[in-house]
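We count residues from 1, following the sequence as given. For the numbers below, each heavy atom of this structure counts, side chains included, while hydrogens, waters and symmetry mates do not.
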Amino acid sequence: MSYRKTLKLVCGLAGGSAVLVFAAAAADSRGLFGEPRGREAAGRWSRLTVLRAAQPAWTPASHTPNPTGHAWDFNWDKRDPSTLTNGKKKESSTEDPSSEQDNGKPKATRNILLIRHSQYNLSGLSDKERILTPLGREQAELTGSRLAALGLKYDVLIHSSMARATETANIISKHLSGVDLVSCDLLREGAPIEPVPPVTHWKPDAVYHEDGARIEAAFRRYIHRADTKQKEDSYEIIVCHANVIRYFVCRALQFPPEGWLRMGLNNGSITWLTIRPSGRVALRTLGDSGFMPPDKLTRT
C-alpha cells in the first residue's frame with residue numbers, strides 16, 4: 001500500500017485517531033510502507049508528526065462525562081402540584097382524580113425581566129443623595145425604549161425603594177403607559193451571602209446574614225412558577241440592584257448561590273428569567289445592554 005493511501009486510511013478511521021496516526025508514523029519510519037527512506041522518509045515523518053499533534057486527545061468510546069452537582073429539584077419553589085394536598089377526602093367515588101390534579105396544575109409561564117438601576121452619584125453620603133447622574137438618566141431612557149420596543153404586555157413594574165432604583169423605574173415607566181409601579185423594601189441592595197472565592201477589596205456595610213435573609217425573602221416572593229389561577233403568560237419588570245439580580249439568577253438556576261459575585265452587570269441592563277409551569281427555569285439574557293451605544297455603558 002502506498003504512503004498516501006495509508007495516510008488517507010489512517011485519517012479516515014475514528015475521525016483521525018491520534019493512536020492510529022502514531023502507529024502509521026512508526027511503521028513509516030521503519031520502511032514498512034515499502035518506499036525509500038532517508039530525506040524523503042524524514043520529510044514524511046515530520047508531516048505525520050504535525051498531523052498527529054493536530055488530532056484531538058483520544059478517549060475511550062464508552063466514556064461519558066459524569067454529571068456534577070445535584071439533580072434538578074422541580075419543587076424548588078414549593079409549588080409543585082404533585083406535592084400539594086388540601087387534606088380533604090373526596091366526597092364522591094366517581095370523581096376523577098386525574099382531572100382534579102390537572103386542574104390544580106399551573107398553565108401559564110412567568111417572564112421576569114430584572115433591570116439593574118442606571119449609573120448614580122457614588123459620592124452621595126446617604127441614599128437620598130445617591131441619585132442618577134445625567135448619563136444614568138440617559139441609560140434609563142434607553143432601557144425604557146428597549147422594553148417598549150420588545151412589544152410585550154407588561155403586567156407590573158416593581159422596583160427597589162432605594163433612590164437610584166426608584167428614579168430608574170420612574171423614567172422607564174414613561175415608556176410603558178398603563179403599567180403600575182410598585183415599591184418594595186425587600187429589593188434593596190445588600191450582601192446576599194459571602195462570596196466564593198472570597199474577596200478582600202469589597203467589604204459589605206451590612207452583615208451577610210441580615211441582608212441575606214431579606215434578599216432571600218425577596219426571591220421567594222417574586223421568583224416562582226405561576227399560580228394555578230393565572231391563565232395567560234405574564235411579563236413582569238423588577239428594577240433593583242446588581243447583587244440582588246445575581247443572587248436571584250444563581251438561586252433560580254439552582255447554581256451555588258455563593259457564586260453570585262462571579263457575574264458582572266452593566267447599569268440599565270436587562271436579565272430575563274423564564275419560569276415554566278413545570279418548574280423549569282431558563283435564563284434568556286444575562287445583563288443585556290447591547291441596545292446601548294458603547295459610550296453609554298457603565299458598571300458602577
Side-chain angles (χ1 to χ4, degrees), residues 74 76-81 105-118 139-162 164-189 215 217-255 263 265-292:
F74 279 93
W76 58 273
D77 59 352
K78 308 305 178 188
R79 293 171 182 245
D80 185 345
K105 289 182 179 180
K107 297 177 176 59
T109 294
R110 293 186 69 218
N111 294 273
I112 304 171
L113 288 83
L114 301 162
I115 313 299
R116 190 192 174 193
H117 60 77
S118 301
Q139 292 170 339
E141 295 283 359
L142 290 167
T143 303
S145 295
R146 173 60 174 174
L147 291 171
L150 292 176
L152 303 173
K153 183 182 177 182
Y154 300 107
D155 297 87
V156 67
L157 198 168
I158 307 165
H159 61 86
S160 158
S161 57
M162 298 187 82
R164 55 189 181 271
T166 300
E167 189 176 358
T168 300
N170 286 332
I171 294 174
I172 289 175
S173 69
K174 294 188 302 181
H175 298 264
L176 309 173
S177 60
V179 180
D180 293 335
L181 268 73
V182 178
S183 178
C184 180
D185 284 333
L186 292 179
L187 293 167
R188 295 173 68 88
E189 182 65 304
I215 296 173
F219 173 82
R220 297 186 186 191
R221 173 177 291 188
Y222 296 113
I223 312 299
H224 55 77
R225 78 191 75 188
D227 186 86
T228 55
K229 297 179 181 179
Q230 183 175 325
K231 302 303 181 183
E232 298 181 356
D233 294 351
S234 59
Y235 295 87
E236 303 160 48
I237 302 170
I238 299 179
V239 179
C240 54
H241 310 268
N243 295 355
V244 177
I245 295 172
R246 293 182 285 189
Y247 178 78
F248 280 10
V249 169
C250 287
R251 285 282 283 110
L253 298 180
Q254 298 186 27
F255 293 163
M263 296 177 280
L265 299 173
N266 288 333
N267 294 113
S269 61
I270 302 173
T271 296
W272 187 336
L273 285 172
T274 296
I275 306 176
R276 301 295 182 188
S278 64
R280 292 183 181 273
V281 180
L283 180 64
R284 297 188 61 171
T285 63
L286 176 66
D288 175 27
S289 54
F291 52 88
M292 293 189 186

T271 side chain to G287 backbone, donor-acceptor under 3.5 Å: yes
Near F74 CZ, under 6.0 Å, is it more than 12 heavy atoms from other residues, nucleotides or ligands? yes
What heavy-atom pair brings V281 and W76 nearest, and what distance separates the two atoms? CG2-CZ2, 3.5 Å
M263 and R246 have their tightest heavy-atom pair at O-NH1, 2.5 Å
P81 to K105 - nearest heavy-atom pair and separation: CG-CA, 3.9 Å
With side chain to side chain donor-acceptor pair (under 3.5 Å) as the rule and sequence neighbours excluded, what pairs involving residues 278-290 come up? N266-S289
For the pair Y222 and I238, evaluate side-chain contact (heavy atoms from CB on, under 4.5 Å) and give the outcome as yes or no after the intermediate values. CA-CA 9 Å; Y222 296 113; I238 299 179; 3.9 Å; yes
Donor-acceptor pair, T166 side chain versus S160 backbone, under 3.5 Å? yes
I'd like to check the side-chain contact (heavy atoms from CB on, under 4.5 Å) partners of Q230; sequence neighbours left out, ordered by chain and number. A108, R110, A226, S234
For the student: nearest non-hydrogen atoms of I171 and H175, plus distance: O-CD2, 3.4 Å
How many angstroms lie between CG in L283 and CG in L273, if you round to the nearest 0.5 Å? 5.5 Å
Of all residues at least two apart in sequence or in a different chain, which pass the ring-ring contact (aromatic ring centres under 6.0 Å, His included) check with H224? none
Carefully, step by step, assess M292 and T143 under the rule side-chain contact (heavy atoms from CB on, under 4.5 Å). CA-CA 8 Å; M292 293 189 186; T143 303; 3.5 Å; yes
When rounded to the nearest 0.5 angstrom, what is the spacing between CG in N243 and CD1 in I215? 6.5 Å
If you look only at distance, which donor and acceptor atoms sit under 3.5 Å apart when one is on a side chain in residues 145-154 and the other is two or more places apart or in another chain?
| residue | atom | partner | partner atom | Å |
| --- | --- | --- | --- | --- |
| S145 | OG | E141 | O | 3.1 |
| Y154 | OH | L147 | O | 2.7 |

Taking the side chain from R251 and the backbone from Y247, do they hold a donor-acceptor pair closer than 3.5 Å? no
Hey, mind stepping through L113 and E236 against side-chain contact (heavy atoms from CB on, under 4.5 Å) and telling me if it holds? CA-CA 6 Å; L113 288 83; E236 303 160 48; over 6 Å; no
With F219, which residues qualify under ring-ring contact (aromatic ring centres under 6.0 Å, His included), at least two apart? F248
Only pairs at least two apart or in different chains count here, so list each salt bridge (Lys or Arg N to Asp or Glu O under 4.0 Å) that has a residue in residues 221-231. D77-R225
Is there a side-chain contact (heavy atoms from CB on, under 4.5 Å) between R164 and H241? Walk through the geometry before answering. CA-CA 9 Å; R164 55 189 181 271; H241 310 268; 3.7 Å; yes
Between SG of C184 and CE of M162, what distance do you get to the nearest 0.5 Å? 13.0 Å
Can you measure from CD1 (I112) to CH2 (W272) and round to the nearest 0.5 angstrom? 12.0 Å
For residues L265 and R116, report the shortest heavy-atom separation together with the two atoms involved. O-NH1, 2.8 Å
Under 3.5 Å, side chain of T168 to main-chain N/O of S118, donor-acceptor pair present? yes
If the test is side-chain contact (heavy atoms from CB on, under 4.5 Å), which one of V182, D180, I172 qualifies with L157? I172
Please give me the minimum heavy-atom distance between I245 and C240, naming the atom from each residue. CG1-SG, 3.6 Å
